[in-house]
Protein chains: 2
Amino acid sequence: MQLGKAERHRLIESVVSRKRVGTQFELLDALVDSGCSVTQATISRDIRELGLEKTHDQFGRPRYVLPHAARRNDPAEALNAVLGQFGRTVAPAGNIVVLQSDLGAAPAIARALDQLGHDRVVGTLAGDDTVLVVAPSERDARTLARELGAILG
Amino acid sequence: MQLGKAERHRLIESVVSRKRVGTQFELLDALVDSGCSVTQATISRDIRELGLEKTHDQFGRPRYVLPHAARRNDPAEALNAVLGQFGRTVAPAGNIVVLQSDLGAAPAIARALDQLGHDRVVGTLAGDDTVLVVAPSERDARTLARELGAILG
DNA sequence: ATAGCGGGAGCATACGTATGCAGTGTTTCC
DNA sequence: GGAAACACTGCATACGTATGCTCCCGCTAT
């Protein structure tokens with residue numbers, strides 16, 4: 001044994017979050033490539049211990065992902081939740097995206113946007129129920145508005 | 001065939017969100033109890049079409065859940081995200097829970113708490129970076145603080 | 001009417017995952 | 001040191017899930 005269980009777990013988390021892994025044998029191959037040689041049985045146990053979830057991607061193909069709990073601090077998740085819950089409308093106007101929300105939620109949304117590190121978000125300004133999102137260009141603003149609109153539903 | 005595919009899908013969503021279903025045969029049984037008799041093969045296809053995810057509960061037991069996308073409007077999800085992302089500290093004080101957050105996030109947190117419909121949340125009052133959560137009793141406040149603290153990490 | 005098409009579902013089975021058991025190595029406590 | 005307890009893993013296999021094939025039904029155009 002060259003790699004301990006804990007290191008293997010880190011490795012699995014890393015692999016799974018970087019590429020689509022649909023079966024435990026695929027994962028096994030990836031681990032072997034990284035110099036970690038174990039059997040499927042071990043991987044099955046690892047997966048339970050890590051709490052990995054098996055989902056389907058947009059094409060219905062299987063995929064393991066990190067447990068939801070582990071993604072709780074992911075800025076993208078936060079934006080999804082806060083925007084899905086409190087967002088009302090999005091509209092581009094020049095190189096600005098105007099985002100309307102439930103009263104009081106705007107600062108949180110703006111903060112979530114800031115933390116995204118999104119290329120098309122230059123900066124944000126929040127009121128009580130409105131966020132102005134400044135984009136680099138009109139074109140970017142339109143794209144961004146579309147992206148945010150998709151989250152709203 | 002008495003139930004169409006669409007109705008069966010609704011039924012599956014309902015069952016899966018109400019109780020822990022660990023295998024497709026368990027789900028099959030539940031459907032039969034609801035007067036819908038199909039085979040495991042059909043359920044396998046349904047599960048892919050619905051995009052259900054197979055996770056592990058806190059004891060490592062398997063469980064199907066609705067896809068993450070479908071839970072985006074779940075108030076509990078919103079609270080998790082917003083609190084996990086922006087929450088700082090929680091402390092009970094009398095029958096009040098004092099919640100400190102990142103600047104500006106308090107109103108969103110308060111809103112998320114309100115929408116929970118939680119028995120121990122009588123009402124909330126939000127400043128910029130502080131939420132006061134009013135609980136029915138000191139006991140409730142302590143319990144509530146513990147619950148919220150768990151979300152923070 | 002009927003031939004042709006497409007969706008839905010069952011059956012059998014291939015594919016994928018979990019687990020009882022046994023073996024090995026490590027730590028702990030006499 | 002030696003025994004006991006424990007953690008980790010592989011092997012074989014039981015368990016669980018996906019899918020190729022087929023049939024059936026309902027629709028449409030001929």
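Below, read A as the first sequence line, B as the second, and so on, with proteins coming before strands; counting in each chain starts at 1. Everything numeric in this text was worked out from a predicted model, so none of it was measured.
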When you compare the side chain of [Y] with that of [X], does any pair of heavy atoms fall below 4.5 Å?
X        : Y       : answer
B:Tyr64  : B:Gln24 : yes
A:Gln115 : B:Gln85 : yes
B:Ser44  : B:Ile47 : no
B:Leu31  : B:Leu28 : no

Check step by step if side chain to side chain donor-acceptor pair (under 3.5 Å) holds for B:Ser14 and B:Arg10.
-> CA-CA 6 Å; B:Ser14 161; B:Arg10 295 307 107 63; over 6 Å; no
Tell me which donor-acceptor pairs under 3.5 Å the side chains of residues 121-133 of chain A have, and how far apart each pair is, sequence neighbours excluded?
from	atom 1	to	atom 2	distance (Å)
A:Thr124	OG1	A:Asp114	OD1	3.0
A:Thr124	OG1	A:Asp114	OD2	3.2
A:Thr130	OG1	A:Gln100	OE1	3.2

In whole Å, I'd like the distance from the [atom1] atom of [X] to the [atom2] atom of [N].
X       : N     : atom1 : atom2 : result
B:His9  : C:dG7 : NE2   : P     : 14 Å
A:Lys5  : D:dT9 : NZ    : C1'   : 10 Å
B:Asp46 : C:dG7 : CG    : P     : 16 Å

Is any side-chain N or O of A:Arg8 closer than 4.0 Å to OP1 or OP2 of D:dT9?
-> yes
Give each protein N/O atom lying under 3.5 Å from an N/O atom of nucleotides 11-18 of chain C, with the pair distance.
from	atom 1	to	atom 2	distance (Å)
C:dT17	OP1	A:Lys54	NZ	2.6
C:dT17	OP1	A:Tyr64	OH	2.7
C:dT17	OP2	A:Gln24	N	2.7
C:dA18	OP2	A:Gln24	NE2	2.7
C:dA18	OP2	A:Ser44	OG	2.8
C:dA18	O5'	A:Ser44	OG	3.4
C:dA18	N7	A:Gln40	NE2	3.0
C:dA18	N6	A:Gln40	OE1	2.8

